[in-house]
Amino acid sequence: MCSPSASLLVNPLNSNQHIHGELSVCQLATNSNLQDPASRFHRDMLRVLDSRQNMSPADHASSLPIERKKRPNLLTSDIDGVERVVSMLEHMVEIGVATEESFQIALEGLSNRGRLRWRRASDSAVVCAADEVEPLLKKLWDDKNGTVSTKTCNFALKAYAACSTPRGDRMYAQKAEAVVVKMQETGIDITSETLAHLVHAWAWQQENRDSGECVKRAQHYFDEMMKLSPDEDTVFRGYELLLEAWSKCSSSSAAESSERIFSKMKQLRGVNVGAQQYSNAILALAKQNGEENAEKANSLLLQMIDEYEASGYGESTRPELIAINGVIAAWSRCRRIDKSEEVLWLASDLGKTCEDIYPDVVTFNGVLHAYIRHRDRSKSLDKMIKIIDYMEANSKEHPVMKPDGFTYNTLLKAWVQSNRKDAVEEAEKVLFRMQEASGILPTSRHYNVVINALAKCRNPDAHKAYNLLRQLQALDSYTPDIITYTSVIECCSKSSDPHAAEIGLELFEEANDLYRGTGDKGIMPNLFSYTVTIRALSTNPTPENVRIARDLLEKLVATYAETLDDSLCPTTYPFNYVINCAANCVGSHDEKLRAFKIAAKTYNEIRSSEIIQPDSFTYAFWFKCCNNLLPEGDIRTKGLTFAFEQCKRSGLVSSEALRRLLAGTPSKLATSLLGIPFNTSPLVYRQYTLEDFPPGWSRNVRKDSN
DNA sequence: GTAGGGTTAG
């Protein structure tokens, strides 16, 4: 295979001067030296890009922060020809004619894609510009021993900045920073554009929320950029990005910093600061918690509207809906329904002079959120139903207010927490209505709200939950996840249905098989899934189910040991439930003894473990085991006596433990255990409560498990 | 720009 290095060193065109944003790509092509083997390719590459310029993806997603509100689309075709150009570059590299200019053409094209995503032809992985830029820059860097131009690096940085995202774990800001560090080490000029891209990348990076680490990095590179005396537009843009960074940070200084930056922007531009900057400042404030920030965002909104009116309704001062929606959300978060609605009326008013201001689905979702947080749940449910009826009724005429998945999720939650008798049935109706009224297919989240509501009932209908799950599976657009499965199994664990144990186990195994087949973490059984399955098995405590419960526990422990996955880290719960399952075992004398052995093994594991400790439930279930599974006699006496000593010493004698200890215990044994004369005839022992015994016995019993 | 699915018991 040919090495491209030789040709890269030639670099016949001083390419840095040839790629200029202002120049049309066609001009560039004609300027190229046609004698050069690379220039024929360059001309073709530029022609590909140029011929599709009308279909530029810039309309789909720009790298401007304010336009990030649009989720990045997944391209279905090579809309601007960049993928073609990249494969042309790969071909040039292969035949050894690629120059730095070749790389620049591809990098620039990629960076112009902004944050769009597409499927890579070679492996159909979903990628974005930043993913594709990385290997290209590395290749060029290695081939040229780091003698790469600033311009080339800046194209790559632009792609990292545009693709940087608060979601996921892509860490493009770190990657961009690594490029700049290498530039510094190699002596490549750092321009204000270089630093502006870094500010941009950090401003959009995730995990900014708590520590504010990313906003610090953004501020740092902004300060560095200022040392290079950039032009006013770059400074202003830098402020915009800092505002963006603060808006995603929950640090206590965020509101203050946002205000400071906004006033600097006003200093720069005066009243011409523009509606977009108002929106940014409002959103930054609106994202912070606390009424005072909602109030500040609200007053900025009023200022913005004032300036719109003062300017005679000028285009650049026209308020944006996004700012109004932000303020509504801020008031909703502090349960200020009155204020949320006030802003809603304001928006309706504004709509008279400003036709693009019309309450949309986000506006209403914000108001709905205020209601769902309100204390009077029944009253707010009625109000929410009215609002959603209104949205549905008007969505033909005003498609922007058509309810979406958020809307119905909020409604489902409202029904579920309404405490009304028919809550679950009504929630189920919503699942159907959302499809009919708004054409929105319920997702696993919607179903999970309802299934979980079923699981929280006193005597849940396991079959109904099971059917809902199957219904969700029948929709090919969505698959149930582990929360769906676990919630249905939880229904089984609380159900009196004779098949509940069987269904619970079937579902657990199904989820586990799905996980093993797909490796999809979303369907991976976790500690809670194991625990409720074991609990479901004790609704039908056959000797076989006791054994299966124990097997599940062992599988949990082994899987945790193997993966060290936090979501599988065992607690006392599943151990206790295995003991309880054994304690309930119905069967022959021998079968009961086998169940007892399983319980004893489990009980001893809890006591000797370094991670988990016995609790009052452990002892209560253990006493139940001794009394239910062992014949009266020495072994039972020993098991009870020894355990009760432990139980007292640990201060874990709950009233239930006491009851289980004495249920079925002969008076003589009870007397010796408790140290006071004791008659276990039911009529007598019920007169005793924990208060009749030393308080130390129950000093560690949690309140909720007295 | 919104909100956001389960953590248990006798």
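Reckoned from all heavy atoms, side chains included, excluding hydrogens, waters and symmetry mates. In what follows, chains are A, B, ... by sequence order, proteins preceding strands, each numbered from 1.
- Judged by distance alone with a 3.5 Å cut-off, no donor-acceptor contact links the side chain of A:T484 to the base of B:dG6.
- When the shell of 6.0 Å around CG of A:D566 is examined, it contains 12 or fewer heavy atoms from other residues, nucleotides or ligands.
- Looking at the side chain of A:E656, the nearest of the listed nucleotides B:dG6, B:dG10, B:dT2 is B:dG10.
- Here the nucleotide nearest the side chain of A:K413, chosen from B:dG6, B:dG10, B:dT2, is B:dG6.
- For A:R636, the side chain to side chain donor-acceptor pair (under 3.5 Å) criterion is met by A:N627, not counting sequence neighbours.
- Other residues, nucleotides and ligands contribute more than 12 heavy atoms inside 6.0 Å of the CZ atom of A:R470.
- As rounded to whole Å, 6 Å separates atom C1' of B:dG4 from atom CG of A:N409.
- Heavy atoms of A:Y577 sit under 4.0 angstrom from at least one base atom.
- Between A:K555 and A:E509 there is no salt bridge, since no side-chain nitrogen of the basic residue lies less than 4.0 Å from a carboxylate oxygen of the acidic one.
- Ring-base stacking between A:Y573 and B:dT8 is satisfied, the centre separation being under 5.5 Å and the plane angle under 30°.
- Contact annotation for A:A455: no contact, since no heavy-atom pair falls under 4.0 Å across all strands.
- In this entry the distance linking CD1 of A:I489 with P of B:dG6 reads 16 Å, nearest Å.
- Contacts of A:S444 with the nucleic acid, taken as non-hydrogen atoms under 4.0 Å apart, include base atoms.
- Nucleic acid contact for A:T410: none, since no nucleic acid atom lies under 4.0 Å from a heavy atom of the residue.
- Ring-to-base geometry does not place A:F621 in a stacked arrangement with B:dG10 (centre distance under 5.5 Å, plane angle under 30° required).
- Under the 4.0 Å criterion applied to side-chain N and carboxylate O atoms, A:K339 and A:E291 are not assigned as salt-bridge partners.
- Per the geometry, CG belonging to A:D615 stands 13 Å off P belonging to B:dG10, to the nearest Å.
- Looking at heavy-atom distances under 4.0 Å, A:N584 makes no contact with the nucleic acid at all.
- Looking at heavy-atom distances under 4.0 Å, A:R373 makes no contact with the nucleic acid at all.
- Side-chain atoms of A:R445 lie closest to B:dG4 of the nucleotides B:dG4, B:dA9, B:dT8.
- As judged by a 4.0 angstrom heavy-atom cut-off over every strand, A:R535 is placed among the base-contacting residues.
- Checked against B:dT2, B:dG10, B:dG6, the side chain of A:R660 finds its nearest nucleotide in B:dG10.
- Residue pairs that meet the salt bridge (charged side-chain N to carboxylate O under 4.0 Å, His left out) test with at least one member in residues 483-492 of chain A, sequence neighbours left out, are A:K456-A:E490.
- For the pair A:F508 CZ and B:dG6 P, the computed distance is 21 Å after rounding to whole Å.
- Against DNA chain B, the stretch residues 336-347 of chain A makes no heavy-atom approach under 4.0 Å.
- Rounded to an integer number of Å, the gap from CZ of A:R702 to C1' of B:dT7 is 12 Å.
- The closest side-chain heavy-atom distance from A:F644 to A:V653 is below 4.5 Å.
- Computed from coordinates, the A:L661 CG to B:dG10 C1' distance equals 14 Å when rounded to whole Å.
- Salt bridge A:K429/A:E425: absent, no basic N to carboxylate O contact under 4.0 Å.
- Between the NZ atom of A:K494 and the P atom of B:dT8 there is a distance of 9 Å, given to the nearest Å.
- We find that CG of A:L537 is positioned 20 Å from P of B:dT8, with the value rounded to whole Å.
- Side-chain contact between A:T539 and A:C492 is absent, with no heavy-atom pair separated by less than 4.5 Å.
- For A:N452, the side-chain atoms get nearest to B:dG6 when compared with the rest of B:dT2, B:dG6, B:dA9.
- The nucleotide whose nearest atom lies closest to any side-chain atom of A:K287 is, among B:dT2, B:dG10, B:dT7, B:dT2.
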